[in-house]
Q: 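A single structure is presented below for examination.
Residue numbers start from 1 in every chain, and the chains themselves are labelled A, B, ... in the order their sequence lines are given, proteins ahead of strands.
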Amino acid sequence: MNLFKYASPQTFYPLAGRLIPFFAIGAGLFIIYGLYIGMLVAPTDFQQGDAYRIIYVHVPAAWFSMFLYVVMAVYAILGLSLNAKLSFMMAKSIAPTGAMFTFVALITGAFWGRPTWGAWWVWDARLTSELILLFLYIGYMSLQAGIDDTRRSDRASAILAIVGVINVPIIYFSVKWWNTLHQGSSINTSGSSMAAVMLQAMLIMALGFWLYSAAVILTRVRREIEDRARATAWLNEFKD
Amino acid sequence: MKSRHKRIAIIVAGIALLAIAATLLLQSFQSNLVFFFSPTEVIQGKSPNQGNFRVGGLVVEGSVKRDGTKVAFQITDTANSMNVIFTGILPDLFKEGKGVVAQGTQGADGVFVADQVLAKHDENYMPPEAADALEKAQQYNANKAAGEDK
Amino acid sequence: MAPTALNNHLTVRNLACVRGERVLFKHLSFELNSGKLLFVQGENGSGKTSLLRTLAGLSLPTIGDIDWNTQTIKILAEDYYGQVLYIGHLASIKDELSPVENIQFALSLSGYRVDRSQVVGALDTLGVGRCADLPSRVLSQGQKRRIALAQLWLQDDPALIPLWVLDEPFTALDISMVEKLTQHIEKYVTSGGMVVFTSHQIPSFDVSLIQDLQLGQV
Amino acid sequence: MAPTALNNHLTVRNLACVRGERVLFKHLSFELNSGKLLFVQGENGSGKTSLLRTLAGLSLPTIGDIDWNTQTIKILAEDYYGQVLYIGHLASIKDELSPVENIQFALSLSGYRVDRSQVVGALDTLGVGRCADLPSRVLSQGQKRRIALAQLWLQDDPALIPLWVLDEPFTALDISMVEKLTQHIEKYVTSGGMVVFTSHQIPSFDVSLIQDLQLGQV
Amino acid sequence: MNKRKISTPSLLWRVFKRDITVAWRRRSDITSVFFFFMIATSLFPLGLGADTHLLHAIAPSVLWVCALLSCMLSLPRMFATDYMDGTLEQLIISNQPLLLIALMKILAHWVISGLPLVLIAPLIGLQFNLSNNELQMLAFSLLLGTPSLSLIGGIGAALTLGLRGGGVLVALLVLPLYIPVLVFGAGAVNAVSIGMNATGGLSLLGAVLALALIFAPLTASYALKVAVE
Amino acid sequence: MNKRKISTPSLLWRVFKRDITVAWRRRSDITSVFFFFMIATSLFPLGLGADTHLLHAIAPSVLWVCALLSCMLSLPRMFATDYMDGTLEQLIISNQPLLLIALMKILAHWVISGLPLVLIAPLIGLQFNLSNNELQMLAFSLLLGTPSLSLIGGIGAALTLGLRGGGVLVALLVLPLYIPVLVFGAGAVNAVSIGMNATGGLSLLGAVLALALIFAPLTASYALKVAVE
Ligand code: HEM
Ligand SMILES: Nc1ncnc2c1ncn2[C@@H]1O[C@H](COP(=O)(O)OP(=O)(O)OP(=O)(O)O)[C@@H](O)[C@H]1O
Ligand SMILES: Nc1ncnc2c1ncn2[C@@H]1O[C@H](COP(=O)(O)OP(=O)(O)OP(=O)(O)O)[C@@H](O)[C@H]1O
Ligand SMILES: [Mg+2]
Ligand SMILES: [Mg+2]
């Protein structure tokens with residue numbers, strides 16, 4: 001099989017079209033199930049009571065805010081080095097979802113901080129670097145939108161995405177490198193310091209978010225391909 | 001110079017700069033860019049000697065004394081501890097034995113006058129029963145260890 | 001090195017150029033040798049400027065290769081750029097500097113230093129010697145154009161600069177100036193230089209020197 | 001009001017125009033009546049554009065007066081502007097709006113509302129009906145020019161807009177379009193309109209309508 | 001031709017609507033001012049370090065200064081594209097007073113770049129631990145003050161039309177003129193913080209607005225004529 | 001023709017000198033950044049009222065943020081005129097690596113718009129009642145930090161070359177990347193104020209500078225090629 005075959009928009013477009021429904025349905029199921037376990041089945045926490053349940057949204061959102069940025073940067077690198085249009089389109093389509101998750105992580109964090117820490121917001125390293133991540137996403141999207149010529153907008157914003165990737169390890173390790181008000185990691189290579197049900201619900205939610213991202217991003221890529229190839233003939237074969 | 005040679009020279013310069021950056025970074029990690037200081041650091045004089053700063057640590061068991069909205073307690077990092085007083089509403093998670101970060105100024109008498117107290121909880125999440133069980137187990141282990149020591 | 005000994009070649013193989021979503025040209029191949037003039041023709045928007053910019057190294061070919069004496073220009077990079085003189089639509093003249101300063105700077109970008117007197121000489125040849133020390137801001141469009149072209153008089157040794165890439169060099173020039181420029185280009189080519197140029201008017205070069213390239217019939 | 005009843009006059013007395021430190025023209029006087037075409041000629045930089053902008057009310061005369069039907073235009077101000085249609089070098093087209101939106105806006109600035117269908121009709125006449133709803137950003141230079149000119153088809157009632165001031169209306173148009181525009185201007189003039197225009201090419205108007213003005217012999 | 005006359009208000013409404021439409025079609029213009037405000041305000045706490053009290057104390061001043069700066073950064077857009085594509089000429093020789101047209105364009109600028117700041121400011125205020133009262137006063141003072149910023153800025157934008165280095169130049173022209181708005185605006189919020197009556201500052205803000213409404217369109221429209229001539 | 005080869009350093013020196021000469025001939029460019037810095041810093045005392053303690057406490061942050069903003073405002077000038085008049089094309093196809101040429105232009109930008117701030121900052125610091133030690137640290141941290149601002153800014157300037165609404169866009173791109181410089185720079189001054197050791201902040205500033213020296217010219221030169229292509 002020729003893997004590169006899927007790197008061409010012509011092949012990718014129908015493939016993505018077939019995959020999207022599965023991702024979308026899966027996302028719905030996992031998120032509902034995760035919320036069910038998280039909100040109703042999982043026990044209250046010994047210190048935080050029920051306030052901790054924000055964890056089921058906050059942590060997966062925070063994970064995906066960082067993860068999607070890295071994926072976006074990888075696509076940017078691929079795009080620049082292989083001159084692959086589809087990579088640029090992927091990167092462009094990831095950004096809004098990544099920004100959305102960043103925003104969700106920030107907001108849920110703030111709503112969580114109020115009852116637990118006693119403050120909506122503090123300027124510790126974790127919170128600040130996550131805020132910078134939001135700004136980077138916004139910068140990326142603004143640059144994309146600000147350049148009319150797609151070839152240039154793709155490349156220019158790819159450069160920005162790559163420059164900004166340095167922020168991700170800073171977010172991740174901030175709780176280790178500096179002492180922050182934000183807690184350290186509950187899950188790491190040596191295991192987890194969470195009760196099993198809680199962890200389970202959180203992972204299910206993360207899976208749901210993953211499927212959601214896939215569905216939304218692929219939809220966006222398809223629209224992007226349509227926009228860019230409105231004139232090209234092959235597209236008509238797949239639309240009635 | 002051929003362009004290839006120039007490129008090599010540039011790369012060498014880049015590597016040298018990287019090395020400088022790395023040493024500077026390592027050096028900076030030994031100094032104090034922190035959200036809060038521990039009581040030990042305060043006692044060693046690593047904290048600011050004027051103005052506002054933050055102290056973080058665990059609330060010493062049995063040290064909390066309330067008087068209306070006024071609270072006095074001790075913060076410890078297990079090695080050293082210091083006295084804190086605060087007037088106002090404490091966060092719900094403020095508990096003896098749990099993490100806390102207080103912001104304020106240190107008076108001449110060494111007492112830290114806080115104007116804000118934030119709760120810093122740890123990374124453990126479990127149901128209350130499990131926490132109880134765990135505590136009992138630890139107690140048991142501790143007793144056992146103490147017993148064995150004898 | 002005697003000029004007759006020059007034997008450079010520029011080889012273009014299977015070149016294609018895409019701008020936006022449009023293919024401007026594809027399967028373009030040709031070879032150009034020292035002592036030849038390539039006259040690129042085509043209607044508005046057929047991709048002449050795009051081709052010249054690619055040859056000059058300003059944009060990378062979408063598909064295809066460009067070789068300079070058997071090595072691809074992408075690898076040669078600065079070693080190739082140093083041998084090419086590209087004069088495009090824009091005059092690349094800074095308003096704040098005088099014509100002499102502008103030209104001296106342009107030459108130093110190709111790695112050469114020239115004296116003021118030489119630059120003034122070239123400007124005189126082009127009929128703009130009077131403006132040599134004015135700030136370029138006050139010059140008219142046609143004068144700026146002549147100053148940009150003065151480089152051709154200072155960089156006309158094919159042993160040092162074997163290739164000129166000229167995008168519409170005759171625009172905005174009056175008849176006598178067109179004549180002068182035509183002769184100068186011819187002299188450069190016969191002494192072993194290689195030229196790629198575009199123009200909407202048909203210039204009066206010696207036919208034996210010219211090699212034609214028609215764009216726009218994809 | 002029947003078109004033939006129109007009897008407006010534009011009177012220019014002793015007009016001078018100074019730009020920078022240069023006197024472009026002085027002691028310029030003429031009178032123009034309904035049903036006449038004023039063809040302003042002169043070489044590059046002789047002040048044609050400057051004159052037309054003064055007539056349109058965009059710049060104030062340095063010396064001299066311009067009267068519209070016995071009252072000076074400086075006093076009339078908006079009452080005069082509302083009667084003049086000026087189309088200059090710039091197309092005044094916003095990239096973000098569609099041609100239809102652009103034209104509707106331009107007309108509302110003279111105080112009129114037109115329906116979409118009418119605008120599309122005018123665009124069709126000019127051969128750019130297809131572009132009616134695209135964002136103007138994607139149009140080529142020539143298409144933009146036509147859209148700016150579409151106003152001439154929507155504002156061609158001399159009873160409402162008795163004066164057109166057109167700066168090089170024929171630029172960038174192909175031959176058939178030049179023909180169409182010539183006829184339209186002629187129709188407007190014969191129905192009682194008054195036109196001031198410049199052009200570097202000599203248009204084929206009915207000689208009896210034309211009144212000449214040569215600039216540049218100060 | 002089947003044309004209908006339109007009334008003056010209707011023409012002015014079209015001028016306004018057009019600017020809004022254009023901005024909406026180029027949304028990135030709106031959002032980028034908005035985000036600039038968010039980013040610039042977050043810079044100050046970062047520079048200050050941890051002190052919440054300090055943060056609280058300087059919040060009104062920081063938010064107001066950043067409002068000034070974002071408004072100023074968006075000024076070149078008020079007339080520049082119209083100037084470059086020739087629309088400005090047509091506006092000048094339209095059959096309505098340029099004064100009113102300039103006013104509409106300034107108003108549109110406010111809706112595009114001032115109003116969003118008013119709406120987001122309370123949210124940013126939260127990051128600075130402002131109390132409810134303070135947040136309300138912040139939003140209200142901005143609501144009263146930002147139109148003056150657009151009005152005064154309009155003069156600067158018109159004066160620097162088509163000049164090179166316009167960005168910094170406009171800053172130099174406009175920032176000194178913004179000072180009263182800043183002093184009264186930030187003053188009103190500060191007054192609330194220390195439990196004083198803010199009506200003084202507010203009525204001064206109102207006075208500035210009234211004055212700006214009278215003089216700014218006049219001056220700006222005159223400057224526009226000069227720029228085009 | 002009597003031409004002599006020039007060496008790489010000599011070419012680079014000419015690139016640098018040319019930018020300085022051009023800036024010098026258009027002095028208003030230099031002075032306007034300078035005055036922007038002065039005006040912007042004096043806005044804060046106006047917004048805050050007369051509390052000297054507060055002023056003192058926020059001085060490092062205010063001065064640093066204003067340095068960021070002035071540097072950012074002057075960014076469009078780094079490559080924009082070269083882009084418009086075609087010089088940038090010639091720079092790209094000169095016979096020296098674009099990387100080095102971009103570095104020289106960034107350096108020139110720093111000399112024109114960063115260095116003056118370093119020199120004036122202590123004077124402005126006096127208005128905020130900063131002590132001698134603090135003033136020294138302020139100047140030193142700016143000296144170490146502003147080159148990073150020009151370097152990082154160079155990336156933003158190259159990315160937004162020739163775009164409409166470039167001013168606000170460049171702010172959006174560049175300010176988030178400036179944050180570390182701000183945190184460490186203002187942090188160093190704050191540390192001196194509260195009697196702590198500032199070496200941590202300074203060595204991080206140094207590290208940022210070293211990293212920026214590696215990556216900024218690389219990225220900027222790539223972005224320039226993209227812009228011209
Ligand atoms: C606005 C404020 C907040 C922001 C920006 C924020 C940001 C983040 C980020 C970026 C992560 C992912 C990093 C990682 O996986 O290690 C994270 C993880 C987490 N956050 Fe927050 N957070 C905020 C507030 C809070 C609050 C108030 C709490 C709890 C009281 C909290 C609890 C957690 C937990 C439990 C994790 C998972 C850690 C792990 O297992 O790795 N966060 N947060
Ligand atoms: N970055 C770009 N994005 C989209 N289209 C582009 C881009 N650059 C150029 N084009 C288009 O490519 C086409 C070719 O342009 P080019 O300048 O090469 O033409 P040309 O042959 O030099 O024309 P002329 O005779 O007018 O100089 C034009 O239609 C132009 O609009
Ligand atoms: N604001 C100004 N300051 C200085 N000089 C000016 C100004 N505006 C125009 N000029 C000069 O006035 C002269 C006349 O310009 P104008 O545009 O009226 O000429 P024109 O006859 O329309 O030329 P063309 O045939 O090229 O359109 C030109 O030389 C121009 O450089
Ligand atoms: Mg061309
Ligand atoms: Mg003209």
Q: At what distance, to the nearest 0.5 angstrom, does CZ of E:R18 lie from CD of D:E96?
A: 9.5 Å
Q: Check each atom of D:L58 against the heavy atoms of chain E and say whether the ones under 4.5 Å are side chain, backbone, both or neither.
A: both
Q: Check whether D:Q83 gets within reach of chain E through its side chain, its backbone, both or neither, counting any heavy atom under 4.5 Å.
A: neither
Q: Does D:R53 reach the main-chain N or O of E:V228 with its side chain, forming a donor-acceptor pair under 3.5 Å?
A: yes
Q: Which atoms form the tightest heavy-atom contact between D:F105 and E:L91, and what is the distance?
A: CZ-CD2, 4.1 Å
Q: May I ask you to name which of E:L98, E:N95, E:L11 has the most heavy-atom pairs under 4.5 Å with chain D?
A: E:N95
Q: D:L60 versus chain E, heavy atoms under 4.5 Å apart: side chain, backbone, both or neither?
A: both
Q: Does E:Q90 use its side chain to pair, donor to acceptor, with the backbone of D:Y86 at less than 3.5 Å?
A: yes
Q: Flag yes if more than 12 heavy atoms outside D:F39 fall under 6.0 Å of its CZ atom; otherwise flag no.
A: yes
Q: Which bit of E:V15 is near chain D, if near means a heavy-atom gap under 4.5 Å: side chain, backbone, both or neither?
A: both
Q: If you count heavy-atom pairs under 4.5 Å between each of E:T21, E:D82, E:T8 and chain D, which one has the most?
A: E:D82
Q: Taking side chain as everything from C-beta outward and backbone as N, CA, C, O, which of these in E:L88 sits under 4.5 Å from a heavy atom of chain D? Side chain, backbone, both or neither.
A: neither
Q: Would you say D:F30 has more than 12 foreign heavy atoms packed within less than 6.0 Å of its CZ?
A: yes
Q: Enter the distance from D:S110:OG to E:Q96:CD here, rounded to the nearest 0.5 Å.
A: 10.5 Å
Q: Report, as yes or no, whether the 6.0 Å neighbourhood of atom CZ on E:F140 holds more than 12 heavy atoms from other residues, nucleotides or ligands.
A: no
Q: As an exercise: rank D:G88, D:S108, D:A148 by heavy-atom pairs under 4.5 Å with chain E and give me the winner.
A: D:S108
Q: Got a salt bridge between D:K94 and E:D19, using NZ or NE/NH1/NH2 to carboxylate O under 4.0 Å?
A: no
Q: Atom CG in D:L109, atom CD in E:E89: separation rounded to 0.5 Å?
A: 12.5 Å
Q: D:Y112 versus E:K5: any side-chain heavy-atom pair under 4.5 Å?
A: yes
Q: Heavy-atom pairs under 4.5 Å with chain E - which of D:S59, D:A77, D:G121, D:G111 has more of them than the others?
A: D:G111
